[in-house]
There are 2 protein chains.
Amino acid sequence: MSASCFAEILGELAPLSDDECAALARLEERTRHVRRGAILQRENEPANELFILNKGLMMSYVLLDDGSRQILRFLFPGDMLGMPGIIYREAPETLCALSDCVVCPFDRSALSDLMTAQPRLGSMILIVSQIERVALTDRLAMLGRTSAKARVGALLLEMRDRLRATDKSIAATFSLGLTQEEIGDATGLTSVHVNRMLRQLEEEGLIRRDSGKLTLTDEITLARTANYVNRYENLDLSWLPPRK
Amino acid sequence: MSASCFAEILGELAPLSDDECAALARLEERTRHVRRGAILQRENEPANELFILNKGLMMSYVLLDDGSRQILRFLFPGDMLGMPGIIYREAPETLCALSDCVVCPFDRSALSDLMTAQPRLGSMILIVSQIERVALTDRLAMLGRTSAKARVGALLLEMRDRLRATDKSIAATFSLGLTQEEIGDATGLTSVHVNRMLRQLEEEGLIRRDSGKLTLTDEITLARTANYVNRYENLDLSWLPPRK
DNA sequence: CGTCCCGTTGACATTTATCAATATGGGTGG
DNA sequence: CCACCCATATTGATAAATGTCAACGGGACG
C-alpha cells in the first residue's frame with residue numbers, strides 16, 4: 001500500500017519509480033481535517049494552496065447571482081483539488097466537504113517544482129486533468145441534451161463507479177451520501193423534481209431505495225437510458241515515456 | 001511575430017526562451033487544410049494525432065443516442081485540439097471545421113517528448129488546460145442554472161472575446177459565423193428558441209443584427225444578465241518557474 | 001428558374017419549476 | 001427516556017419555460 005493517495009491514482013495509469021513515489025509522498029506530508037459542511041476554499045477569495053483529498057467526499061460548486069448553485073464536480077480520495085484556483089487571482093469555485101474529510105495541503109510552488117523535477121509525473125497529471133475534462137464534457141452533454149430522468153440516472157451511476165474506485169467492496173448497493181437538493185444542484189434540477197425522478201426510476205424497477213441505501217437493480221437499462229460512459233476505462237497510455 | 005500559433009498563446013502567459021520557441025515550432029512543421037464542414041476527428045474512432053489550430057474556426061461536439069448534438073467547445077487559432085482523444089482508445093468527441101481551416105498535426109509522442117525536454121512548457125500546457133477547464137465549468141453552470149436568454153447572451157460574449165484574442169481589430173461589431181442551430185446545440189436549446197431569444201435581446205436593446213453582422217450595443221447589461229466572466233483575464237502565473 | 005438551407009413566426013404540447021402542505025427521521029436538550 | 005426541532009423527503013396543484021410542429025420567406029447558388 002502506497003503512502004500517498006495521489007500516487008495510488010497515478011500508479012493505476014502506469015507503474016511509478018521509487019523517485020516518483022517519493023516526490024508524490026512529499027505532497028502529502030501535512031494533513032488537515034475538514035468537518036462535514038466546512039468550506040476549504042471559497043469562490044472569489046484568493047487561493048494559494050492545492051490539496052490532495054485523502055479521505056471523505058467533497059464537492060466543488062459555483063453560486064450564481066440569483067443565489068442558485070451549480071455543483072461542478074464531486075471529489076473523491078486521490079483527487080487533486082484547487083488546480084483551477086491557483087492560476088487565477090481569485091478562486092473560480094468553492095470547495096466544500098460533504099462528509100468529514102482529510103486533505104493534504106501543499107503550496108503551488110511544490111507543484112511547479114514537481115513538474116520540473118519529474119516531467120513524467122507532469123505528463124501523468126496532465127492526463128488526469130484530461131480525464132476530468134472528459135467527465136466534465138459528459139456532464140455538459142447531460143445538462144444540455146438529456147432529460148431529467150437520464151441526468152439523475154447518470155449521476156447515480158457515476159457516483160457508484162467513483163465510490164468503487166476507492167472501495168472495491170461496493171457493488172450494486174451503496175449509500176449515496178447526497179441530499180436530493182445536492183443531486184438537483186449537480187444535475188440542474190430542483191430537489192422536488194429529483195424526488196419525482198427517483199420515484200419514477202424506482203417504479204420502473206431500475207433502482208431501489210431502503211433506509212438511505214440505494215441499489216441499482218438494472219444497471220444495463222439504467223446506463224442505456226442515462227447515456228452513461230465510465231471514463232475511467234478504456235484508457236490508452238502506451239505513449240507515456242517508460243519508467244526510468 | 002512568432003512562427004508558431006501555439007507559442008503566441010503560451011507567450012502571453014509568460015515570456016518564452018529561444019529553446020522553448022524552437023520546441024514549439026517543431027509541433028507546427030506540417031500543415032493540413034480542412035474545408036468548412038469537414039471532420040478532422042470522429043467520435044468513437046481511434047485518434048493518434050494532436051493538432052494546433054492555425055487558421056479558422058472549429059468546434060468539438062458529441063452526438064447522443066437520440067441524434068441530438070451537444071457542442072462542447074469552439075476552437076480558435078492557437079488552440080491545441082485532440083488532447084482528450086489521445087488518452088482513450090477512441091476519441092470521445094468529434095472535431096469539425098466551421099470555416100475553412102489550417103491545422104498542424106503532430107504525433108502524441110511529440111507531446112510526450114516536449115513534456116520531458118521542456119518541463120516549463122509542460123506546466124504552461126497544464127495551465128492552458130486549466131483555463132479551458134474553467135471555461136467548461138462556466139458553461140456547465142450556464143446550462144444547469146441560467147435561462148435561455150442568459151445562455152445565448154453568454155455565448156455571444158464569449159465568441160466575441162475569443163475572436164478578439166486572434167484579431168484585435170474586433171470590437172462591439174463582428175460576424176458570429178454560427179447558425180442558430182449551432183448556437184442552440186452549444187447552449188442546450190432548440191434553434192427556434194434561440195431565434196426568439198435573439199429577437200428578445202434585440203428588442204431590449206442589448207444587441208443589433210444587420211446582414212450577418214452582430215453588434216453588442218450594451219455589453220455591461222448583457223454581461224450582467226448573462227452571468228458572464230472572461231476567463232482569459234485575471235490570471236496569476238507568478239509561481240511559474242522563471243525562463244532559463 | 002428552381003432548390004435548399006437558414007431564419008422567422010404562430011399555435012400548441014411537454015417538461016420542469018414553483019408554491020404549499022404534510023410526513024419522516026435523526027439529533028439534542030431537558 | 002422523552003419531547004421537540006430541524007433538515008430532508010414526499011406529494012399535489014398550478015405556473016412558467018422551452019420544445020415541437022408546421023408554415024412561409026429570402027437569399028445563395030447551381
Side-chain angles (χ1 to χ4, degrees), chain A residues 35-37 59 64 66-71 96-100 142-156 175-203 207-214 225-226, chain B residues 35-37 64 66-71 96 98-100 142-156 175-204 207-214 225-227:
Chain A
R35 254 174 312 169
R36 178 179 142 86
M59 61 177 169
L64 304 196
D66 65 355
S68 63
R69 175 174 72 171
Q70 176 67 48
I71 294 177
C96 175
L98 285 161
S99 67
D100 291 345
M142 167 174 121
L143 289 191
R145 289 297 186 214
T146 75
S147 69
K149 204 200 297 179
R151 295 186 213 174
V152 173
L155 181 111
L156 299 182
S175 86
L176 188 55
L178 301 176
T179 66
Q180 293 179 1
E181 187 171 1
E182 284 156 355
I183 298 174
D185 285 346
T187 53
L189 301 168
T190 58
S191 61
V192 174
H193 206 58
V194 168
N195 183 287
R196 290 195 250 258
M197 294 302 105
L198 287 170
R199 179 153 54 95
Q200 272 197 35
L201 289 171
E202 192 162 25
E203 280 169 4
I207 66 171
R208 200 167 49 228
R209 294 177 293 164
D210 307 295
S211 59
K213 288 277 182 187
L214 204 142
T225 67
Chain B
R35 255 175 313 170
R36 178 179 142 86
L64 305 196
D66 65 357
S68 63
R69 175 174 72 170
Q70 176 67 48
I71 295 177
C96 176
L98 284 161
S99 68
D100 290 347
M142 167 174 121
L143 289 190
R145 288 297 186 215
T146 75
S147 69
K149 204 198 299 181
R151 294 186 213 174
V152 172
L155 181 108
L156 299 182
S175 86
L176 187 56
L178 301 176
T179 66
Q180 293 179 2
E181 187 171 359
E182 285 156 356
I183 298 174
D185 285 347
T187 53
L189 302 168
T190 58
S191 61
V192 174
H193 206 59
V194 167
N195 183 287
R196 291 195 254 257
M197 295 302 105
L198 287 170
R199 179 154 53 94
Q200 274 196 33
L201 289 171
E202 192 163 26
E203 280 168 5
E204 291 170 17
I207 66 171
R208 200 166 50 226
R209 293 177 292 164
D210 306 294
S211 60
K213 288 276 179 186
L214 203 140
T225 67
N227 260 118

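Just so it is clear, the model here is predicted, and its values are computed rather than measured. Proteins come first, then strands; the chains are lettered A, B, ... in the order of their sequence lines, and each starts at number 1.
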Margin query: Let me spell it out: for each of A/Leu198 and B/Gly188, pick the nucleotide of DNA chain D with the closest heavy atom. Which residue's pick is nearer the 5' end?
Written below: A/Leu198

Check: Rounded to the Å, how far apart are B/Lys149 NZ and D/dT18 P?
Finding: 10 Å

Item checked: Which nucleotide in C/dC6, D/dA9, C/dT16 has an atom nearest any side-chain atom of B/Thr179 -> C/dC6

Item checked: Distance in angstrom units between B/Met197 CE and D/dA17 P, rounded -> 9 Å

Notebook entry, point to check: Which whole-number value in Å describes the distance from B/Leu178 CG to C/dC6 P?
Noted result: 12 Å

Notebook entry, point to check: Taking CZ from A/Arg36 and P from D/dT8, how many angstroms apart are they, rounded to a whole number?
Noted result: 8 Å

Check: Can you tell if the side chain of A/Val194 reaches within under 4.5 Å of the side chain of A/Glu181, non-hydrogen atoms only?
Finding: no

Notebook entry, point to check: Just checking A/Ser191: base, sugar-phosphate only, or nothing, at a heavy-atom cut-off of under 4.0 Å?
Noted result: nothing

Check: Below 4.5 Å, heavy atoms only, C-beta onward: do B/Asn227 and B/Met142 meet side chain to side chain?
Finding: no

Next item on the list: Just compare D/dC21, D/dA9, D/dG12 and give me whichever is closest to any side-chain atom of B/Val192.
Entry: D/dC21

Next item on the list: Could you check A/Arg199 against B/Arg151 and say which one's nearest nucleotide on DNA chain D is further toward the 5' end?
Entry: A/Arg199

Note to self: Can you give me the closest heavy-atom contact between B/Ala226 and B/Ala154, atom names plus distance?
What the structure shows: CB-N, 3.5 Å

Item checked: Check: B/Ser68 side chain, B/Leu64 main-chain N or O, donor-acceptor pair, under 3.5 Å -> no

Next item on the list: Would you kindly check whether a donor in the side chain of A/Arg196 faces an acceptor in the base of C/dT18, or vice versa, at under 3.5 angstrom?
Entry: yes

Next item on the list: Mind calculating the distance between CG (A/Leu189) and P (C/dT15) to the nearest angstrom?
Entry: 14 Å

Notebook entry, point to check: Rounded to the nearest 0.5 Å, how far apart are CZ of A/Arg208 and CG of A/Leu214?
Noted result: 10.0 Å

Check: Counting any heavy atom closer than 4.0 Å, what does A/Thr190 reach on the DNA or RNA strands: base, sugar-phosphate only, or nothing?
Finding: base

Next item on the list: Establish, with yes or no, whether the OP1 or OP2 oxygen of C/dT8 is under 4.0 angstrom from a side-chain nitrogen or oxygen of B/Asn195.
Entry: yes

Next item on the list: Whole angstrom is fine here: how far is it from CD in A/Glu203 over to C1' in D/dT10?
Entry: 13 Å

Next item on the list: Check the distance between C/dT24's P and A/Gln180's CD and give it to me in whole angstrom.
Entry: 15 Å

Next item on the list: Just compare D/dT18, D/dT10, C/dT16 and give me whichever is closest to any side-chain atom of A/Arg209.
Entry: D/dT10

Item checked: Atom-pair distance (CD1 on A/Ile183; P on D/dA9), nearest Å -> 8 Å

